[in-house]
Structure formats: C-alpha cells, structure tokens
Number of protein chains: 2
Amino acid sequence: MLVNINAVSAKRQNALGELGELSRSRIFLSEFKYNRGAEIYGETETADYIYQVLEGAVRSYKLLFDGRRQIGAFHLVGDIFGLENGAAHRFTAEAIVDTTVRLMKRRSLEHVAETDVVVALDLLIMTTGNLQHAEDHMLLLGRKTSLERVAAFLLEMDRRLTAKSVMALPMSRRDIADYLGLTLETVSRALSYLHAKGILGFLGPTQRQIVLLDRLRLAELDL
Amino acid sequence: MLVNINAVSAKRQNALGELGELSRSRIFLSEFKYNRGAEIYGETETADYIYQVLEGAVRSYKLLFDGRRQIGAFHLVGDIFGLENGAAHRFTAEAIVDTTVRLMKRRSLEHVAETDVVVALDLLIMTTGNLQHAEDHMLLLGRKTSLERVAAFLLEMDRRLTAKSVMALPMSRRDIADYLGLTLETVSRALSYLHAKGILGFLGPTQRQIVLLDRLRLAELDL
DNA sequence: GCGGCACCTTGATACAGATCAAGGCTCCGG
DNA sequence: CCGGAGCCTTGATCTGTATCAAGGTGCCGC
C-alpha cells in the first residue's frame with residue numbers, strides 16, 4: 001500500500017553508485033514514502049515499477065503457506081530492487097523502517113534497454129550482482145553453522161551499512177533470523193556470545209546499535 | 001582439466017532451446033569430453049569459456065575450508081553454464097558422469113554483446129533464470145524440512161531430466177544431499193519413506209532409476 | 001506516570017537431522 | 001569364481017538448533 005506520496009520531488013541528489021548509465025537517463029519519475037511495515041509490492045504482483053532506496057531499509061522475502069519466511073535480501077540506502085526482468089515480482093518487499101524510495105516505470109526502462117546496449121548491459125551487471133549474492137547465500141543457508149551465519153551477517157552489514165564505526169541495524173532479530181535461516185533466539189544467543197567474547201559491543205538502550213570491536217576474529221568465525 | 005578433445009566436431013545438432021539469438025551466431029567453437037569426476041573449471045579461475053552440456057551432467061559447487069560442500073546447481077543436457085559475466089568463475093564445475101560439452105570463448109561472446117542488444121538481452125534472460133533458481137533454492141535451504149527438500153528435488157528433476165516416465169538420476173545420494181543442504185543418510189531415508197508410501201518406485205539394480213508413481217501427493221509434500 | 005506492547009535475552013526441554021556404525025548389493029579386475 | 005571398492009540402506013545414538021517459557025527493558029498513548 002502506498003502510504004504517502006511526494007511525487008517528483010527531485011531535490012535529493014543521492015549517491016547512485018551502481019546505477020551506471022541509468023542515472024544519466026532521466027527516467028526516474030518520483031519519490032514515495034512507505035511507513036514502517038508497509039508492503040511495497042507482493043509476490044506474484046505484476047512488476048510495474050523498479051525502486052531505489054533513498055532513505056530507510058527494505059526486506060524482500062518469500063513465504064510458505066504455514067508462515068515460514070525466507071528473506072532473500074535487505075535493500076539499504078542506494079540499493080535498487082524490484083528488478084525482475086519479467087512480468088511478475090518474485091518476492092514481497094516491505095519497508096523495515098519508514099522508507100523513501102525513488103521509482104520508475106519498468107516499461108520505460110525495458111523500452112530503453114531494447115535499443116540501448118549500454119543500458120541492457122547495466123541491467124545485466126545489476127542482475128549478476130544479485131545472482132552472486134544469492135549464490136553466496138545458498139552456501140551460508142545450506143552449510144554454515146549458526147555462529148558462522150551471524151558472523152557473516154555482521155560482516156556484510158558492516159561493509160554495506162555505513163562507513164561509521166557504529167552499525168545501526170534497521171532490522172529486528174526476527175528479520176535477521178529469517179535472513180539467516182535460523183530462529184530469533186539462536187540469533188540472540190550468537191550475538192550474546194560474540195558480546196561476551198569481546199568481539200562486539202552494544203550501544204544504545206535498544207540492542208540494534210552494534211560496534212564491531214574485533215573484525216579479525218569475527219572474520220575467522222565466518223569460514 | 002581437459003581430458004579428451006574433439007575439436008570442431010559439429011555433427012551434433014542439439015536442442016538449443018534457451019540459447020535464443022546465441023544459437024544463430026556461429027560462435028560456439030568446439031566440443032570437449034570430460035571423464036566422470038573431472039573438473040571443468042575451478043572456483044576463482046578466470047572464466048575463459050562458457051559451456052553447454054551436450055551429453056552427461058555437471059555439478060557446480062562451492063567448498064568451505066573444512067570440506068563442507070554446497071552444490072548450487074546441476075547442469076543437464078541443453079543447459080548453459082559457466083556464464084559469470086565477470087573475470088572469474090564463482091563455482092567449481094565437475095562432470096558427474098562422462099560428459100560432452102560445447103564451448104565458446106567468453107571474450108567473443110562479450111564482444112558481440114557489447115554491440116548487439118539482442119545478444120545482451122539474451123544474456124540478461126539467462127542470468128535472470130539462474131537468479132530465479134537461486135532465489136527458490138534459498139527458500140528451500142533456509143526453511144524447508146528434509147522431506148520437503150527431497151520432494152522438491154524429485155519434482156525439479158522430473159521436470160528437467162526427461163519426458164520419459166523413468167527418471168535416470170546421474171548424481172549420487174551425496175550429490176543430492178550437498179544440493180539440498182542435508183546428509184546422504186537423510187536423503188536416503190526420505191527416498192525410502194516415499195518408496196514405502198508408494199509415491200515412487202525404484203527400477204534398476206542401482207537405486208538411481210526412479211519412477212514417480214504419484215506426482216500429486218509428491219507435490220503436496222513440497223510446500 | 002502508568003499500563004501495555006514490541007522487542008530482546010536467557011533458561012529448560014524437545015526433536016529433526018547429523019553422526020557413528022554395520023551390512024548388503026553391484027560391478028570390476030584378476 | 002573371488003575379493004575389494006563404491007554406493008546405498010538401515011539402525012542406534014548424539015547434538016545443534018528449535019521450541020517452549022519466563023522475565024526484562026524501553027517506548028508510546030492515555
């Protein structure tokens with residue numbers, strides 16, 4: 001559901017690192033805001049738009065009938081998502097916190113890609129990046145222990161989330177668990193263990209602000 | 001390692017369903033044969049060629065330092081693999097049985113893609129297909145039970161392997177286990193359970209020939 | 001400022017699947 | 001025909017993670 005609309009407010013000049021040629025074509029239409037928890041699109045819905053996170057964070061997931069959930073990716077500031085190269089979305093996307101996205105019509109992008117080989121290759125590069133992430137995640141989900149998974153998660157977020165020393169995780173323990181194929185209790189225990197070992201520290205009153213105190217030992221835990 | 005070379009033996013006119021425009025450009029160079037168990041390329045090797053299976057079957061996998069293995073995909077007759085869109089391979093590929101592949105230089109494909117938008121879009125379609133498979137497999141590895149995984153595997157092989165009523169699996173129980181994130185014993189037990197329930201039958205002296213007797217009930221076991 | 005809710009941690013117990021172990025079958029080479 | 005290797009099944013036991021349970025903390029609305 002669209003919660004709040006700020007159409008065509010082009011004041012933001014965000015870092016478009018991965019956009020390549022797309023950033024040069026003026027086909028991003030407008031901004032939208034989604035409240036925390038709001039659904040951006042549902043699995044199997046027709047893919048009319050693609051999105052870029054300007055502020056906030058998004059989770060993409062699949063559900064089984066009985067409610068088991070697998071989060072395939074978190075989308076952070078700057079990330080592009082919803083790029084399915086097909087008629088229908090393959091994940092449900094939800095705002096984890098209040099989130100602003102920029103969006104464009106998928107058909108106009110397709111149209112450009114059909115004639116402009118540079119845009120087509122940009123799409124290929126982005127899709128390849130998504131594929132590589134999924135391939136690494138299969139190894140994690142199929143063969144790593146709970147501690148290895150949590151260590152890998154922290155290192156991924158450390159790399160992606162910010163240059164600052166403090167990691168402000170937007171997602172809950174349950175989100176992390178559903179990303180790592182664990183339960184929230186197991187995630188919590190792994191984090192407590194890393195805390196006790198002096199590998200990380202907690203900051204705020206909530207436990208979502210984490211400082212990595214020993215990236216080397218953390219990396220040794222992720223094989 | 002290349003085991004046996006049949007260069008430019010173009011006698012085979014295989015079904016190239018997924019190749020699209022690529023099948024029309026005459027850039028597939030030659031055929032190679034790999035013995036059962038032979039490595040086609042290693043993880044992190046530079047990706048000089050891309051491959052199509054003409055006969056046989058191939059497994060693509062990642063290893064952890066202590067030997068834990070995750071197979072990301074099986075490549076069957078007609079499948080194209082080794083398409084990394086980057087300098088280095090991200091998996092190790094091995095022949096599961098004696099296997100013949102057709103191969104082409106990656107650079108010549110890249111060269112064509114840089115000018116021909118149709119070829120670039122073909123590459124995008126193939127990469128998107130690989131991504132979709134990986135996304136579904138993340139759900140399986142993260143959230144499905146052992147029985148659900150084995151049921152999903154059988155249905156996938158039934159769909160991909162042959163139109164015939166008998167499924168001749170080229171891979172061992174250990175390969176299946178490493179694809180599904182299980183042990184070979186758990187795979188064996190799940191197959192025995194499905195046999196006892198009358199959902200499948202075994203044929204030959206070895207247990208690799210399987211007949212699906214009740215696809216409907218099998219599909220109900222895969223959520 | 002108080003009550004309730006969302007979120008997190010920690011402890012106790014249960015269980016699915018891993019591990020350890022044994023034996024059977026087929027194939028192959030001598 | 002025999003012996004051994006590779007592969008598979010089945011049984012017994014173990015264990016990592018899930019499940020069940022209780023309690024703590026911060027935050028928000030009234």
Interatomic distance where [atom1] belongs to [X] and [atom2] belongs to [N] [whole Å]:
X	N	atom1	atom2	answer
B:His195	D:dT9	NE2	P	10 Å
A:Leu147	D:dT17	CG	C1'	13 Å
A:Glu148	D:dT17	CD	C1'	14 Å
B:Ile96	D:dG6	CD1	P	18 Å
B:Gln207	C:dG24	CD	C1'	11 Å
A:Leu141	D:dT17	CG	P	13 Å
A:Leu140	D:dT17	CG	P	12 Å
A:Leu191	C:dC8	CG	C1'	10 Å

- prompt: Nearest of C:dC8, C:dG17, D:dC7 to any side-chain atom of B:Thr145?
  reply: C:dG17
field: Nucleotide nearest B:Arg173 when distance is taken to its side chain, options C:dT9, D:dT17, D:dT9
entry: D:dT9
- line: Looking only at heavy atoms, the pair that brings B:Ile40 and B:Ala95 closest together is CD1-N, 4.1 Å
field: Where A:Val53 and A:Leu76 come nearest, the two heavy atoms and their spacing
entry: CB-O, 3.3 Å
task: With B:Thr100 as reference, evaluate B:Glu31, B:Lys33, B:Gln52 under the side-chain hydrogen bond (donor to acceptor under 3.5 Å, both in side chains) test and give the passing residue.
output: B:Lys33
- prompt: Reckon A:Arg208 touches a base, only the sugar-phosphate, or nothing at all at heavy-atom distances under 4.0 Å?
  reply: sugar-phosphate
CA sep, side-chain torsions, deciding dist, call: A:Tyr41, A:Tyr51, ring pair (Phe, Tyr, Trp, His ring centres under 6.0 Å): CA-CA 11 Å; A:Tyr41 52 77; A:Tyr51 304 82; 5.6 Å; yes
What does the list of N/O pairs under 3.5 Å between the protein and nucleotides 18-21 of chain D look like, with a distance for each?
| residue | atom | partner | partner atom | Å |
| --- | --- | --- | --- | --- |
| D:dA18 | OP1 | A:Thr183 | N | 3.4 |
| D:dA18 | OP2 | A:Thr183 | N | 3.3 |
| D:dA18 | OP2 | A:Thr183 | OG1 | 3.0 |
| D:dA18 | OP2 | A:Thr186 | OG1 | 2.4 |
| D:dT19 | O4 | A:Arg189 | NH2 | 2.9 |
| D:dC20 | N4 | A:Glu185 | OE2 | 3.1 |

message: Taking the side chain as everything from C-beta on, heavy atoms only, tell me whether A:Arg68 gets closer than 4.5 Å to B:Thr145.
response: yes
- prompt: Should A:Ser146 be listed as having a side-chain N or O under 4.0 Å from OP1 or OP2 of D:dG16?
  reply: no
- request: Check whether any side-chain nitrogen or oxygen of A:Ser192 sits under 4.0 Å from OP1 or OP2 of C:dT10, and answer yes or no.
  value: yes
- prompt: Below 6.0 angstrom between ring centroids: does that apply to A:Phe74 and A:Tyr179?
  reply: yes
query: B:Glu135 and A:Gln70: side chain to side chain contact (heavy atoms under 4.5 Å, CB included), yes or no, with the steps?
result: CA-CA 10 Å; B:Glu135 290 167 349; A:Gln70 180 62 44; over 6 Å; no
